[in-house]
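In this text the structure is predicted, and so the values were computed from the model without any measurement. Just follow the structure's listing: the first ligand is 1, and inside any ligand the first atom is 1.
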Amino acid sequence: MEVIRNIGDLKKWRQSCRANGQTVGFVPTMGALHEGHGALIARSAADHPQTVVSIFVNPTQFGPGEDLARYPRTLEADLGLSNSHGATMVFVPEVKDIYPPGSDSWVEVLGVGDHWCGASRPGHFRGVSTVVAKLFLLVEPVTAYFGQKDAQQAVLLGKMVNDLRFGLTMVICPTVRESDGLAMSSRNRYLNDWERGQAIGLFRALEEGALLVNRGETDAKKMERVMRAKLHEFAPQAEVDYLGFADRVTFQPQVLVATPCVVLGAIRLGKTRLIDNILMGEPRMGIVGLG
Ligand code: AMP
């Protein structure tokens with residue numbers, strides 16, 4: 001497995017893949033890798049002779065007062081995990097490679113990011129779509145792999161790939177969970193034991209919402225109240241950022257819930273913000289953004 005730290009070397013590496021007729025799969029990450037990332041890497045490695053993992057803590061997707069400075073940086077362990085799941089190259093650019101001094105060009109996807117994480121983190125999705133667009137242009141993958149855990153992000157990026165005709169396929173892989181159901185996340189490292197015990201409340205609340213929908217309940221407000229109660233049963237200290245139901249394509253909130261939909265939530269435990277979701281109804285999220 002190679003480690004490449006600048007764009008010149010990346011371009012040479014990419015050229016040699018092309019010369020050898022090898023397709024490239026791509027897993028963009030912010031590092032602090034866990035088995036959720038591992039599953040994306042393994043999927044890419046099964047599909048392609050070359051798999052690139054990028055590790056870049058993207059400053060433009062963090063708002064003022066968010067956790068950019070303390071975001072976990074664990075490069076040595078990340079290289080080990082990437083290698084053991086089949087990555088053939090890890091790209092670790094510096095901020096100045098991705099944002100040359102004076103850069104002021106942005107990619108913005110309208111609509112999908114209006115609510116939920118987009119509403120609580122202004123500018124977040126603009127940072128995400130911009131960095132992912134830049135990485136796509138640099139790495140030139142045939143396929144890019146993302147996690148369902150960040151479903152709103154995945155759908156927004158799928159729209160970007162379609163709208164801008166990136167000409168690549170996005171594969172969305174299922175959320176990998178701890179044994180109690182907590183979605184794996186780099187931010188779980190922030191949780192102390194007491195917070196970790198409560199963190200499962202988010203998934204339990206989402207499961208409750210899914211159960212109610214499956215029973216035929218349609219009133220989103222009513223279900224949100226039940227979900228809040230379930231959350232606080234497990235996590236009395238949790239602050240709700242949002243809990244609700246969204247359309248699977250537009251991510252507009254559903255007032256009258258109908259499948260297919262996504263039950264989604266974000267909570268704060270201490271200083272840590274956690275998100276999760278459950279997809280309901282067909283089609284499952286699999287491949288989006290055929291460009
Ligand atoms: P991040 O490093 O948090 O920006 O995530 C990089 C990629 O890994 C994104 O596509 C995430 O959706 C995905 N990812 C993060 N956590 C999980 C998980 N628990 N299961 C599956 N994919 C995940």
Among Q50, R18, H48, whose side chain to side chain donor-acceptor pair (under 3.5 Å) with T23 holds?
-> H48

Do ligand 1 and P28 have nitrogen or oxygen atoms that lie under 3.5 Å from each other?
-> no

For atom 20 (N) of ligand 1, which candidate among V176, T29, D276 holds the nearest heavy atom?
-> V176

Please determine if R70 forms a cation-pi arrangement with Y190, meaning its NZ or CZ atom is less than 6.0 Å from the six-membered ring centre and no more than 45° off the ring axis.
-> yes

Would you tell me which option among H37, R187, Q148 has the nearest heavy-atom contact to atom 8 (O) of ligand 1?
-> H37

Numbering as shown, the atoms of ligand 1 that approach G36 to under 4.0 Å (heavy-atom distance) | 18 (C), 20 (N), 21 (C), 22 (N)

Checking L156, L157, D163, V161 against K159 for side-chain contact (heavy atoms from CB on, under 4.5 Å), the one that qualifies is D163

What atoms in ligand 1 come closer than 4.0 Å to a heavy atom of P174?
-> 20 (N), 21 (C)

Which option out of E178, H34, M170 puts a heavy atom nearest to atom 15 (C) of ligand 1?
-> H34

Among I41, D150, N58, closest by any non-hydrogen atom to atom 12 (O) of ligand 1 | D150

Less than 4.0 Å between a side-chain N and a carboxylate O, is that true for D276 and K149?
-> no

Using 4.0 Å as the upper bound for N to carboxylate O, is an ion pair formed by K271 and E66?
-> no

Out of M184, E35, R177, whose heavy atom is nearest to atom 19 (N) of ligand 1?
-> M184

Option set G31, G147, A183, C173, criterion heavy-atom distance to atom 22 (N) of ligand 1, minimum | G147

Where the side chain of H115 meets the backbone of P253, is there a donor-acceptor pair that is under 3.5 Å apart?
-> no

Examine the proximity of ligand 1 to M30 and report which part, side chain or backbone, both or neither, has a heavy atom under 4.0 Å away.
-> both

Under 3.5 Å: donor-acceptor pair, side chain of N20, backbone of Q22 = no

Region of L40 that comes within reach of ligand 1 [heavy atoms, distance under 4.0 Å] = side chain

Between the side chain of H34 and the main-chain N/O of G36, is any donor-acceptor distance below 3.5 Å?
-> yes

